[in-house]
> 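Let me give you the structure first, and then I'll get to my questions.
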Amino acid sequence: MSDYGHELWFGSFITPTARPPQAPVELALTSERAGLDLVSFQDHPYQSAFQDTWTLMAYVAARTERIRISGNVLSLPLRPPAVLARAAASLDRLTGGRVELGIGAGAFWDGIVAMGGRRLEPAQAVRAVEEAVDVIRGLWATDETGPLRVTGEFYSVNGAKRGPAPAHRIPIRIGAYKPRMLRLTGKIADGWLPSLGFLPEGPASLRAMNEQIDEAASAAGREPAAVTRLLNLSGRFTSGTGGGLFQGTPGDWAEQIADLTLQYGVSGFILASDEPADLDLFGHEVAPRARELVRSERVT
């Protein structure tokens, strides 16, 4: 499938720098003023130059009014899923339903171990993500009777009380690149969240990776379109055209984004930039033009 038919939305991907501490907050406010739909922050708790991402998310939530907020992606080995479930539900209730959840199996394992986390082999990390999602969704499922019991190899809860329920159904998106994690994404996730710079063949990689997600979704009895496709991207705005992928005018960017939607089914585009001018152009010029192009093509 090339186009899953989802509505386009746009976000920012901001570095949670610790100095000065208000810098990422100001970029979040810029994102909201630019009309972006989501502001997200990378999560590397072992990086002393960064502020804690969840604390920053909560602070940004209190400073903003409309924009959705997410980790991109949260480092699961250092964020116990039962606690994460309560934190996400609480912040979602406090914001009236503006929290989204992006999680990753873990990277930079030396840093994770230095912070007290457990080093996992790739297959173990995949199983840990699946167990974590069971715990998170189970604690949110307040319509189910009885306490939650999950007995896993990596995460277990033994009679935990369910709740609080989030204000809305928080989507769980997984950062994934390798076949096992892509299959897990198709099986259980609400969305797939890779970064363009990590795709081995650039956008062309999306086709085969989408196919793995789609096959796993179908095998699990799900519609492939139930898994939304997102993409972290970066580039440079220029006054001239023809500079290559995301190296051109806002109009060039919009055309390239429309192509990624119609060819590869990507519907969420998240710009990694700490430059206010870039965020402003992305929200005010690229986003509306890309939406218009996709709408026009779908009609015809």
Side-chain angles (χ1 to χ4, degrees), residues 40-47 50 52-54 57 70-92 99-141 144 147-162 166 169-195 198 209 212-213 215-217 219-220 222 226-230 232:
S40 66
F41 304 93
Q42 58 183 288
D43 183 41
H44 298 285
Y46 34 79
Q47 173 57 267
F50 291 171
D52 174 67
T53 293
W54 194 268
M57 287 170 56
S70 180
N72 187 351
V73 292
L74 296 174
S75 180
L76 193 59
L78 292 173
R79 298 195 180 275
V83 177
L84 181 58
R86 298 256 199 261
S90 299
L91 190 57
D92 195 57
V99 170
E100 303 185 355
L101 201 57
I103 58 175
F108 306 103
W109 288 101
D110 288 347
I112 290 170
V113 170
M115 289 286 287
R118 175 181 173 184
R119 188 185 302 272
L120 300 179
E121 296 299 322
Q124 293 178 311
V126 174
R127 294 197 300 273
V129 170
E130 185 166 15
E131 291 175 10
V133 172
D134 285 343
V135 170
I136 292 168
R137 288 192 174 138
L139 287 173
W140 290 344
E144 296 187 15
L148 178 65
R149 300 185 188 278
V150 175
T151 302
E153 180 182 356
F154 305 98
Y155 302 114
S156 298
V157 292
N158 302 297
K161 293 182 178 179
R162 301 177 192 267
R169 189 183 186 281
I170 298 176
I172 298 178
R173 298 170 178 133
I174 296 177
Y177 298 93
K178 298 297 179 63
R180 278 179 293 208
M181 194 63 77
L182 290 168
R183 290 194 295 270
L184 180 64
T185 299
K187 178 182 176 183
I188 67 170
D190 298 302
W192 175 39
L193 180 53
S195 293
F198 292 150
M209 297 168 92
Q212 294 180 73
I213 293 171
E215 290 170 3
R222 311 176 69 202
V227 184
T228 57
R229 320 298 159 115
L230 289 66
N232 294 319

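Count residues from 1 along the sequence.
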> If we ignore hydrogens and angles and just use 3.5 Å, is the side chain of Arg222 paired with the main-chain N or O of Gly186 as donor and acceptor?
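At least one qualifying donor-acceptor pair exists.
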> Taking all non-hydrogen atoms of both residues into account, name the closest pair between Gly175 and Val73 and its distance.
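Scanning both residues, the minimum pair turns out to be N-CG1, 4.2 Å.
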> State the CD1-CD distance between Ile174 and Glu130, to the nearest 0.5 angstrom.
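Reported to 0.5 Å precision, the distance equals 9.0 Å.
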> Taking atom CD of Glu121 as the centre, report whether more than 12 heavy atoms of other residues, nucleotides or ligands fall under 6.0 Å from it.
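Check fails, neighbour count at 12 or below.
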> In Å and rounded to the nearest 0.5 Å, what is the CG to OG1 distance from Leu193 to Thr228?
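Answer for the CG-OG1 pair, Leu193 versus Thr228, is 9.0 Å.
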> How close do Met115 and Pro45 get, heavy atom to heavy atom, and via which atoms?
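Heavy atoms of Met115 and Pro45 come nearest at CE-O, 3.4 Å.
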> Closer than 3.5 angstrom, by distance alone: can the side chain of Arg149 be matched with the main-chain N or O of Pro147 as a donor-acceptor pair?
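Looks like no, no N/O pair under 3.5 Å.
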> When rounded to the nearest 0.5 angstrom, what is the spacing between CG in Asp52 and CE in Met57?
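These two atoms lie 10.0 Å from each other.
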> Mind checking whether Phe198 and Tyr177 have parallel, tilted or perpendicular rings, split at 30° and 60°?
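Perpendicular.
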> Relative to each other, are the rings of Tyr46 and Phe108 parallel, tilted or perpendicular (30° and 60° limits)?
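Tyr46 and Phe108: tilted rings.
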> Can you give me the closest heavy-atom contact between Trp109 and Ala125, atom names plus distance?
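Nearest heavy atoms, Trp109 then Ala125: CZ2-CB, 4.4 Å.
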> Out of curiosity, Glu131 CD to Gln124 CD, how far, rounded to the nearest 0.5 Å?
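Reported to 0.5 Å precision, the distance equals 10.5 Å.
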> In this structure, which one of Val135, Leu139, Ile136 forms a side-chain contact (heavy atoms from CB on, under 4.5 Å) with Leu84?
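Result: among Val135, Leu139, Ile136, Ile136 is the only option passing the side-chain contact (heavy atoms from CB on, under 4.5 Å) with Leu84.
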> Between Ala176 and Met181, which heavy-atom pair has the shortest distance, and what is it?
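Reported closest heavy-atom pair: CB-CG, 3.3 Å.
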> Would Leu120 and Arg127 count as a side chain to side chain contact (heavy atoms under 4.5 Å, CB included) here? Give the steps.
CA-CA 10 Å; Leu120 300 179; Arg127 294 197 300 273; over 6 Å; no
> Go through Thr185 and Arg173 one step at a time and tell me if the side chain to side chain contact (heavy atoms under 4.5 Å, CB included) criterion holds.
CA-CA 8 Å; Thr185 299; Arg173 298 170 178 133; over 6 Å; no
> Output the distance between atom CG (Leu74) and atom OG1 (Thr53), rounded to the nearest 0.5 Å.
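Between Leu74 CG and Thr53 OG1, I get 7.0 Å after rounding to 0.5 Å.
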> So, the side chain of Tyr155 versus the backbone of Val133: is there a donor-acceptor pair under 3.5 Å, distance only?
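Checked: no pair found.
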> Measure the spacing between CD1 of Ile170 and CG of Leu91 and express it to the nearest 0.5 Å.
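Going from the CD1 atom of Ile170 to the CG atom of Leu91 covers 8.5 Å.
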> Quick check: does any side chain N or O of Gln212 sit under 3.5 Å from a backbone N or O of Leu182, one acting as donor and the other as acceptor?
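No, because the side chain of Gln212 does not come within donor-acceptor range (under 3.5 Å) of the backbone of Leu182.
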> Quick one: do Trp140 and Ile172 satisfy side chain to side chain contact (heavy atoms under 4.5 Å, CB included)? Show the steps, please.
CA-CA 12 Å; Trp140 290 344; Ile172 298 178; 4.0 Å; yes
> Can you give me the closest heavy-atom contact between Arg118 and Glu153, atom names plus distance?
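Looks like NH1-O, 4.3 Å.
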> Would you say that Arg119 contacts Asp110 through its side chain, given a criterion of any heavy-atom pair below 4.5 Å between the two side chains?
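Yes, close enough: below the 4.5 Å cut-off.
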> Give the C-alpha distance, both sets of side-chain angles, the deciding distance and a yes or no for side chain to side chain contact (heavy atoms under 4.5 Å, CB included) between Lys178 and Val126.
CA-CA 10 Å; Lys178 298 297 179 63; Val126 174; over 6 Å; no
> Closest approach of Ala128 and Leu76, non-hydrogen atoms and distance?
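That would be O-CD2, 4.2 Å.
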